[in-house]
Amino acid sequence: MSDIFNNELFEAFASASDNVLIYVCDVAVDVSRWSKAAVEYFGLDSEYIERAGDVWAEHVHPDDLEMYLDDINSVFAGTKNRHDCQYRARNRMGEYVWVECKGSMIRDAGGNPIIFAGMLTRIDGESKYDTLTGLLTTYELHHINFEAQSGSAVLIGIDGFRRVISNYGYNTGDEILIEFSKKIKNLCHPEWKLFRFSGDEFLVVAFGAEQEEISDFYEKVRKQTDVIELEDGRKIGISASAGSVIFPQDANSRESLINNLEHSLEFAKNNQKGTLVSFSEEIAQKHERGLALREDLKQCIKNNFKGFELFFQPFVNRDTNKIVGCECLLRWKGEKIQDSYPMEFIKILEDYGGIREVGFWVMEQAIKQQVAWRDTYGDLWVSFNVSYQQFMDDNFEERLVACAEKYGVNPTYMIIELTESCEVDNPTELAAMFDRLRQRGFRLALDDFGTAYASLEMLKCLHVDYIKVEHSFVRELAEPGHDIDYVIIDNLLEMCKHLGYHSIVEGVENSDVADIVGGMDATLLQGYYYSRPVCLNEFEKLLNADRDK
């Protein structure tokens, strides 16, 4: 019998609670072990069950079966990592009781499922109130008939709450949730219901309320919760996003209500943070596309990064007008989805963690390409983008150095660009990483300088070799009314000179801009005037044409 079944840890969890029942499945042989309490309560034939999925499906209430199968099948298909579903199951007395079923899939290095483990919680025995906030739990949603009643529901979530916990600790996080929930409760009408949904999210079911009333309610929530004052006098600024659904118009069941609220809140957090987003079919379609993209990306990564490709955009020397290097830019066409653009698929990779392995693939391809060009074109400066998330990977430095040694690249010609896609939580640790890489000979650059988090504050913390001037300051430089852009760029380049940094000016889109920037003290120029990002063959044509001038 498999070791995953016969161990003391399983025994310990199995006997921990009468209300929590556990199971574990060896996916390769499709054999599961269930805790004795589960066997006794649900009248199962044995602790060890073959094809437990089919056996358990017979215990699920017919009205809940489709919902249960959709959720569990998504986990086994790899569409989602965790099983999380509430439904009714038949016990040994023939009674249907509400259970909350949670499970996680463990996969091998190739992404194949090997172990599925989880627990069933008998929520018929749970408290109806959340222990932290005292609010109703979502179990109580089962008692609301959303098809027979009308109104609106709002799901409110604190933006970046994980960062709040990281900065202030879990105890402070709990205090914030308590105060936040009090403020929302005070703003709710007496006939509305307020629930602790999960984590930092709260659900308001507003019977009889229309969209205008919900919009007014959210605005009050947003304004009154932007600063949370704790008992010790500390004041912590936060923001909250929300999604709303009208029932029964947009949702006529508990499941559809929750799904559509989650779609709307996710859209708000990803695209319009700090706002209320009302559910629409367009949002649902975007959510479904996101899930499809995630699955397609996973399959491509698993299939030796099939569909991924590097494009190259030249760096041009300001004085000689010659190509002296390039930036590597990731492109992707999936097996099923072939119209995704970088800002879309890279964000999805970052959200679910796939950016780690894709980032290492980009790093290796860039290093290989620099070496491959060396004999024909001489040493070219080759840059590739690395997010803060990738830099903080425990294996990043080790794998970078090993890759450089494997291909024999001169690290002096490799420029590693820190993208501005996310805020830096630990600039001290990142600065130490930058210093170690620079000591090894690699060049470091701040990308899109002057926007978002790539600011003067970052420049104080990080020692770099290059500053990349963001294209929004540059591309309209020759247009009337953009004198301030000229002043900004001119001063940025002067600052780089004083600090001993090289500069790369992006966004040189036409000859007029090229003439203006060419008269400034920039190191390298980049933009559509010289070339759009192109595939390998096209870039080598540019190199050949440049060499023949």
Side-chain angles (χ1 to χ4, degrees), residues 25-30 53 66-85 102-118 259 262-263 266-267 270-271 282-311 328-369 384-387 389-390 393 395-396 399 403 419 421-422 533 535-536:
C25 175
D26 186 335
V27 179
V29 295
D30 200 3
E66 182 178 358
M67 172 187 64
Y68 162 75
L69 291 175
D70 284 346
D71 194 82
I72 195 74
N73 289 338
S74 295
V75 176
F76 277 80
T79 305
K80 56 186 291 188
N81 294 324
R82 290 178 55 81
H83 171 50
D84 188 351
C85 193
K102 293 178 179 285
S104 296
M105 181 70 75
I106 299 175
R107 302 178 185 274
D108 60 20
N112 302 304
I114 53 175
I115 298 172
F116 181 68
N259 286 340
E262 289 181 328
H263 292 342
E266 181 180 356
F267 185 88
N270 290 338
N271 300 280
E282 181 183 0
I283 287 175
Q285 290 169 7
K286 287 183 178 179
H287 183 78
E288 293 301 322
R289 176 178 169 86
L291 293 177
L293 277 167
R294 178 180 296 193
E295 177 61 21
D296 211 352
L297 284 162
K298 285 183 177 179
Q299 292 303 317
C300 289
I301 293 170
K302 182 179 177 181
N303 194 14
N304 198 29
F305 299 95
K306 181 180 179 181
F308 289 97
E309 181 182 5
L310 288 189
F311 272 41
C328 298
L329 297 160
L330 183 63
R331 298 293 185 266
W332 172 73
K333 286 186 178 180
E335 295 182 359
K336 298 178 181 178
I337 300 175
Q338 300 194 350
D339 63 344
S340 184
Y341 48 90
M343 287 187 66
E344 181 183 42
F345 70 76
I346 289 175
K347 186 179 188 312
I348 290 175
L349 288 171
E350 289 178 340
D351 286 345
Y352 86 85
I355 194 64
R356 179 180 183 272
E357 285 307 312
V358 173
F360 284 129
W361 181 84
V362 169
M363 176 183 76
E364 183 168 10
Q365 300 307 309
I367 288 173
K368 283 172 60 177
Q369 195 56 65
F384 61 95
N385 295 292
V386 178
S387 70
Q389 179 182 340
Q390 293 170 261
D393 187 291
N395 298 320
F396 175 76
R399 289 184 66 168
C403 188
T419 65
S421 59
C422 61
C535 66
L536 176 61

Rounded distance [0.5 Å steps], CD1 in Ile72 versus CG in Leu69: 9.0 Å

Over 60° means perpendicular and under 30° means parallel, so classify the ring planes of His287 and His263, tilted if in between. tilted

Using the side chain to side chain contact (heavy atoms under 4.5 Å, CB included) definition, which of the options Ile337, Leu297, Ile355, Val358 pairs with Phe345? Leu297

Do the charged groups of Arg399 and Asp393 touch, with an N to O distance under 4.0 Å? no

Which heavy atom in Phe116 sits nearest to a heavy atom in Val27, and how many Å separate them? N-CG2, 3.9 Å

Give the minimum heavy-atom separation between Asp71 and Lys80, together with the two atoms involved. OD1-NZ, 2.7 Å

Glu335: what forms a salt bridge (charged side-chain N to carboxylate O under 4.0 Å, His left out) with it, not counting sequence neighbours? none

Around Lys333, counting heavy atoms of other residues, nucleotides and ligands shown, do more than 12 lie under 6.0 Å from its NZ? no

Within the side chain of Asn271, is there an N or O that forms a donor-acceptor pair under 3.5 Å with the backbone of Phe267? yes

Tell me which pairs pass salt bridge (Lys or Arg N to Asp or Glu O under 4.0 Å) where either residue lies in residues 293-310, with sequence neighbours left out. none

Is any NZ, NE, NH1 or NH2 atom of the basic residue among Asp339 and Arg289 found under 4.0 Å from an Asp or Glu carboxylate oxygen of the other? yes

Which pairs of donor and acceptor atoms, one on a side chain in residues 361-369, lie under 3.5 Å apart (sequence neighbours left out)?
{"unit_1": "Glu364", "atom_1": "OE2", "unit_2": "Tyr407", "atom_2": "OH", "d": "2.5"}

Minimum heavy-atom distance Ile301-Phe308, with the two atoms named: CG1-CE1, 3.9 Å

